[in-house]
S.K.: 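Below you will find the structure I want to go over with you.
Just so it is clear, the model here is predicted, and its values are computed rather than measured.
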Amino acid sequence: MSAQKINIPMLGVFLGVVAAAAAGLLAGVQGLTAERIEANKKAAISLAMNQVLPAYDNEPMTETNTFACARGWKVTFYTARKDGQIVGYAGKVDNTDDGFSGTVSLIVGLDADGSVASIASNGMTNSAVIVTAQTETPGLGTAIAERKLQKTITDLFGGSEEIPGLVGNKYLDWYAGKKAGEERWAIVKDGEKVNGKTGATITSTAVCEAVYAVSKTAVEHLDELSKGAE
Amino acid sequence: MELKFIIISIISTGIIGVLLGVIIGVVAKAFAVEIDERIEKVEELLPGANCGGCGFAGCSAFAKAVVAEEAAPGQCPVCSGDDVANIASYLGIEAGQGEKMVALVRCSGDISNTVRSLYNGIRDCRSAVVVAGGAKGCDYGCLGFGSCANACPFGAIEMRDGLAVVHPELCVGCENCVATCPKNLIVMVPAAAEVHVYCNSPEKGAAKRQVCKTACIACRKCVKASGEEEHMLVDGFLVKTNYENPPSADLVEASACPTTALRVAGKHAANEYQGVSK
Amino acid sequence: MSEQESTPSIRLPDPARLVVSNSPHMRSGENISRIMFTVVAAMLPACAVGIWFFGLAAVWVLLACTVSCVVFEEGWNKLNKRPSTWKDGSAIITGILLGMNLNAGTPWWVCVIGAFLAIILAKQLFGGLGYNPFNPALVARVGLLIGLPELMTTWNPTHAMVSTLGAADAVSAATPLAMAPGKVEVLQMLIGNTKGCLGETSAIALLIGGAVLLIFKLIKWQVPVAFIGSVAVITGIMHAIDPTTYHSPVVHILSGGLLLGAFFMATDMVTSPMTRKGAIIFGLGCGIMTSVIRLWGSYPEGVSFSILFMNALTPLIDRMTVQKPFGYVAPEKGKVA
Amino acid sequence: MSLAKEFSKGIWKENPVLVLLLGMCPTLGVTSSATNGLGMGVATLFVLMCSNMVISLMRNIVPKKIRIPVYIVVIATFVTIVDMLMQAYAPATLYNALGLFIPLIVVNCIVLGRAEAFASKNGIVKSLADGLGMGLGFTLALVALGGTREFLAGGTLFQIKMIPAWTTDFMLPTSAAGAFIILGLFLAAKNAQAIRKAKREGKAYTPPGLDCRSCNICDMDK
Amino acid sequence: MSELTSEFLVITIGAILVNNFVLSKFLGICPFLGVSKKLDTALGMSGAVIFVMTLASLVSSLINQFLLTRDFVIGGRTMNLQFLQTLVFIVVIASLVQLVEIILQKVSAKLYESLGIFLPLITTNCAVLGCVVLNAKATGPLQSTWYGATIYGFCSAVGFALALVLFSSLREKLDLAQVPKAFEGTAISLVTAGILAMAFLGFSGLV
Amino acid sequence: MSDKPRKFKGGVHPSDSKALSASCAIQDAPLLDKYVVIMHQNIGAPPQLLVKKGDVVKKGQLLAKAGGFVSVPLHAPTSGTVSAIDKCPGPTGISVPAIHIDADGEDEWGSPFEPIANWQNCPAGELRQRVWDAGIVGMGGAGFPAHVKLSPPEGKEIDTLILNGAECEPYLTADHRLMLEQAEDVVLGAAILARILGLESAVIGIEENKPDAIAKLEEVAGKYHVRVQPLPVNYPQGAEKQLIYAITGREVPVGKLPMDVKCVVQNVASAVAVADAVVKGIPSIERVTTVTGRPVKTPGNWRFRIGTPIAKALELAGGITEQPAKLLLGGPMMGIAQSSLGVTVMKNTSGILLISSDEVSLYSSEPCIRCGRCVEVCPMSILPATISQAVENKRFDWAQELNVQACIECGSCSYVCPSHRPLNQHFKWAKVEIASKLRRRND
């Protein structure tokens, strides 16, 4: 490289101008899309929230508390009330940064005492845990995190009906009714009840840690939570 | 509000850009290494094949030498005439371009035409000569294991029926094959010359015929056919093309070489002499 | 060629039929297939024990693996118009080794996938025997472990276990490594009456096979010794620190595929270092990695992964352990190793 | 070359993934399903076309010495725009799955490579055709690869079970190892086709290697 | 173990072995395949990447921390310049590589000769940008600091180097192999890398 | 110097097949009507021709004089006429210049020098000159001029003279018979060589599989302070470096000569030639050669004139019983395969060996399975398998790094290789390439 041959300040200025112009353009697009991105995020949250919370009549989105938990993550709690009484919380934790190939974000519905809520759906007892974002290996890590019915080619042509409510996932449903205590939750691989999958231990651990962190934070901050939003 | 945001973005990015630009500029000044920009330019004009045909270690070394006037741009065997002219005019020097040379394998003894012993070993000429001088009856002939073809970066040498055949149109004259042939069979000849003697054995005619059907037996028919013009030169028991004054392709027809050692390069490459030898 | 006029009664060699080649002109007569079939023989005791304890299911798995390995090998050769190579025995070894690394009840299609991974992917794509940088059977086993983790980590109980424990208990019984430390029956592991892959359960049979290999000098003793030794040392240290969490080294050595791996897979000539020094480094590396995966990793067993990883390191180890030639260090007398 | 040729060469003859071996990181990283491959392909296609267009427009005013930084800035801008647009309008699952690889389009050799090798030397229409062709070729390769991996893993395509009887998921194709291996098999298949073609035409064929023939990035600084 | 120490382990072991940049995150594949023909060049590339990636992590995390993630309020809305991350990072990396090249050329001609040819390649090495972007997204108490980011950058680069060196020694061995014609070159390299990735999967769950 | 020989590392034990000819006493070959004396029979410079076509020569007459210090003269094997100075097939397959002599049948003696009866009092220099004048080379196979080894440069001290009677090559029995039948000459030659070097004593190293020769030599050895050292049977025990190590425990450094560890090694046949040249005044015009192999009708050991065509030698042995696969000059491990019967016996031709086709396993060169056997047997402790793979891919620089130059081409690695790889040829090739690279660099 022999950059010294040409007029250096000019190059700097040219690059600066291009970069600045680019930045300007970006700022414009950002301005145009920002609101929709925000709205998307909110919509995603409220959708998930509706699934994990019992019936409520307030606006949980406006009643939030955010606490830092032990791992350095931030847990946001949305309080759900019915007739003014707290019926549960939705704890949201984003970007836990220890999945197999990226971060895990999830929303956990909690009972008023901070334990993971159970939700009866389609005749089964599911836990109120929804993984909202993950980038795990399809089939392997996703099996732990996804609550999704497998569509088959016959469904495509047969046009089967959408089943409302939560889809069961044995790895996630393990958490139903669990409450964080002093002991951390361990990954159980063998036996009847499982929250971990062989070959996808990292994802299992990531989900487990995140759910634990939400419950734990709620338990630790129950006082503040029960007081309502600041 | 939007406008203000945009302005902040522009300013901060602009500052980073200019700052980095200036830092690079300053550092570049402070740590400047004197480089002759001509070298870079010449290297840019060179083909970048790094074949080493010019005798230097790759194109950049050659560029250095050209700029230092230790080499003429025309020494690059791969460059086209225009490339060479460009470099020369850029540097304001003589192109010094020599005649275009191509490789010639001085042997026509393929498997069907020569005596071979049952060689059992590594299929590589340079390795085969270590064992009993290779597999060929003729001490001077092409061994046919293709060391030269492997050495050619341009795929100009074809191994055909145990004989290396140069395709002159693909040959750029890098001489890699010349250095590789353990029998020193390959020489560089002007690309313009069409007629070559495809034999390299200095043995007596009778000895040659014993081991090879297409050897040059120095019958001098071609010498006679070329008449007064000294197109062909006799060297012991071998006739060679006079590359100072090469004959035209007609000579091959005219001389009716009894062993077909005298061949037209193009026809030889196109495999038109197969089974011709008497 | 000079003409020789010879008296009619005396016959002289025909020069045109004399082969010219480099010295030496004598050979020891050793060849690849002899080596390979000796290895097959060495594997038979462990297979026999597997068949004894797991029954016909084990036979089917071994057969499915071996047959499909040979079929893939020959199919590939046919497809690429290469000479037939199954007779050199290497595909048979791979097949048997793969079978030994599977659960006795493994479905046949898993065996076929495994054989494909081993023969085509890990061996023939690299040019066949001698050129594969990774042990084919191991690639197959690890590929199946990654692809079908649940299937590959569920094992059939032995017949003996079923008859003593009852069918249900036997099925739910854990493998030795998954049991709580201190509850493991070492004697059963020695003879092979335990859960695990069909060829890896019986320590005694594997040791007999290993001895055969050592007697015929087909493996370097340094590899298994360094491998097993380093596992023993590391797990021993951890056991000494916390006996309630970590198994004793004896359990570690006898359980899982350690003996099988140490004697039959880590010692694979093609994929392990050539010098004695390299073999020691190779064995140590395998042992350390196996211990680390077993103690802290997420997979229940680390032998296959460790050997596969060390296979990848083999070219580097070979590079580092180039021996000094005779007379290289002039002042030093005595043999140069 | 005609416009149609500029467009079509990227799809098969000079397919950026299978022949030019460009953009391997996203090719391997996001193709665990056909949907992801499609999303990434379209995103890259968009960036490629925009950057090709802008760079073609700018080609005469950019000082040669800072060509590369300027190109990168241009590309980075479009990548960020794509990022924001996808965040706003694409399904959240897709955006999340592509994750890290969206910003990494910046350093995808296809984009920079085409900018340098083509757009900086050709007019805007040609550059657009080239960008479209290359982008489509990339997208096709990604969808094919993603589809293969997804299908081999569980008989699904675009998350729809194609073979309902297929119940056991085989995770190897979707794992990291599978990504490498299946891309390798894809390349080999393309090579095999090229070899057969070359043989028909009586030419020699050397499979493309990832050497300085396809990725001429180090040459760019000249 | 304190959170910091455990995260330190996660970062180091994780970045080098478990979540190896090349073999499980698919970052830096181009140089991984392109510069791995010979062990010597692989070593040179490794050195250059370790140096540049550490430096780039440091510089860009500083910029990220002190400029891009700073919130400011305009018209009642809190805004920041995070959307400029990609743009700024790539410009920083490109300039940095340029700087390193210029300085290296002057300071140590020998080092320049062994590393220099790889430097332009690094600009477009997605491992560097990927590492910087990952740092910017990180939420861990350690990795979100500038020194944590630097450690992560260094370890990721070491992971890259490990994979590259292993792979190049394997490829040197592959040079001797008689690979089927269709698999020659990159195809067989990818298959090898796949099997290498299998071996690295054994590390999963270590952190 | 200890009495117990050391065992060098590595080595192989091929079946020796010496029984074919070991019991056959040396016979004098009858006079032929035509001899073809190859010009260049020694390592080093070729000799300079002194005769021309048509010249009449006497037996023992100088045909060519030494072409330099590392070169030896040539003598006429019999009396007759020089019929041609022309090419003939050489042992390496390439035609070489040779002196064709038509014998007159008189076998008339025309020695260039007189016997030195009183050699004990003759100055060492004169004796050394006689060795040179007689044209004696290393007759074990290498053909290195004997006088050169006997002329250590200033400052190089020699303390051990070793006579190489190991004859570790399978099949060959020429040295064995020579030691048995001419034990006195061997010991005498040893004593003369010792005197030239200014030494009091000499050691004869013999493999233990020749007990009769050991016994016979021990009987006569006492006369001249010569010690007979039995050696374990292990190929290549007769290789210079291995022999020196076995007898003295010294390792000759790579690229150095025995001289550098104060040793001189001479073949027993050379010692006999020295004794003949000094005491009887006979130049090197004949040698004992084993003609053997399974296809040979009557294997045996003959004393051939230099220049005897191989076809004639085979006729003496009764011809063949079946077509052999290979015709070798030398032993099966290091001998050179021939494709012509026109090659003639040279000063270093220790054996003419025919190998039947069932003994030969042709190189099929399967891929290396890295079993490491070659590493185990390599007496030089290099890595044959790795070097071979490097050479296979033309990585000669790599081969050089791996010390391919240390290879003594004993062939042990190829012998044991289960993949039948042409290891030895790889090394030879690599050495040639490295040498030519060095030459190019020096140019």
S.K.: Contact between C:D318 and E:K173 at the side-chain level, heavy atoms closer than 4.5 Å - yes or no?
M.R.: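 They are not in contact (no side-chain heavy atoms under 4.5 Å apart), so the answer is no.
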S.K.: Only pairs of heavy atoms separated by less than 4.5 Å count here; which of C:N80, C:L308, C:I293, C:L125 has the most with chain E?
M.R.: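 Looking at each option in turn, the highest pair count goes to C:L125.
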S.K.: What is the minimum heavy-atom distance between E:L166 and C:A312, and which atoms define it?
M.R.: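 Distance-wise, the nearest heavy atoms are CD2-O, 3.7 Å.
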S.K.: Does CZ in E:F154 sit with more than 12 non-hydrogen atoms of other residues, nucleotides or ligands closer than 6.0 Å?
M.R.: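 It does not: E:F154 CZ has 12 such atoms or fewer within range.
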S.K.: Under 4.5 Å heavy-atom distance to chain E, tell me which part of C:I307 shows up: side chain, backbone, both or neither.
M.R.: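 For C:I307, there is no contact with chain E at all, as no heavy atom is under 4.5 Å.
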S.K.: Under a 4.5 Å cutoff for heavy-atom pairs, which residue among E:V165, E:V191, E:L170 has the most contacts with chain C?
M.R.: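 Of E:V165, E:V191, E:L170, E:L170 has the most heavy-atom pairs under 4.5 Å with chain C.
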S.K.: Between E:T192 and C:F134, is any pair of side-chain heavy atoms under 4.5 Å apart?
M.R.: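 Result yes, sub-4.5 Å side-chain heavy-atom pair found.
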S.K.: How long is the gap from OG on E:S169 to CD1 on C:I317, to the nearest 0.5 Å?
M.R.: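 Answer rounded to 0.5 Å: 9.5 Å.
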S.K.: Below 4.5 Å from any heavy atom of chain E, which atoms of C:M310 appear? Answer side chain, backbone, both or neither.
M.R.: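 C:M310 has no heavy atom closer than 4.5 Å to chain E.
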S.K.: With side chains defined as the heavy atoms from C-beta onward, is the minimum distance between C:F126 and E:I195 less than 4.5 Å?
M.R.: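 A side-chain contact under 4.5 Å exists here.
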S.K.: If I measure from the heavy atoms of chain E, does C:Q124 come under 4.5 Å with its side chain, its backbone, both, or neither?
M.R.: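 Interface part for C:Q124: backbone (N, CA, C, O).
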S.K.: Measure across C:G127 and E:P180 and return the closest heavy-atom pair with its distance rounded to 0.1 Å.
M.R.: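 In this case the closest contact between C:G127 and E:P180 is N-CD, 4.3 Å.
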S.K.: What closest approach, in Å, do C:F305 and E:M198 show between heavy atoms, and which atom pair accounts for it?
M.R.: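 That closest heavy-atom pairing would be CE2-O, 3.3 Å.
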S.K.: Do E:L201 and C:V142 touch side chain to side chain, with heavy atoms closer than 4.5 Å?
M.R.: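 With C-beta onward as the side chain, the pair stays apart.
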S.K.: State, to 0.1 Å, how close C:R82 and E:Q178 come at their nearest heavy-atom pair, and which atoms those are.
M.R.: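 That closest heavy-atom pairing would be NH1-O, 4.4 Å.
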S.K.: With a 4.5 angstrom heavy-atom cut-off, could you sort out which part of E:L196 is near chain C: side chain, backbone, both or neither?
M.R.: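 Both parts, heavy atoms under 4.5 Å.
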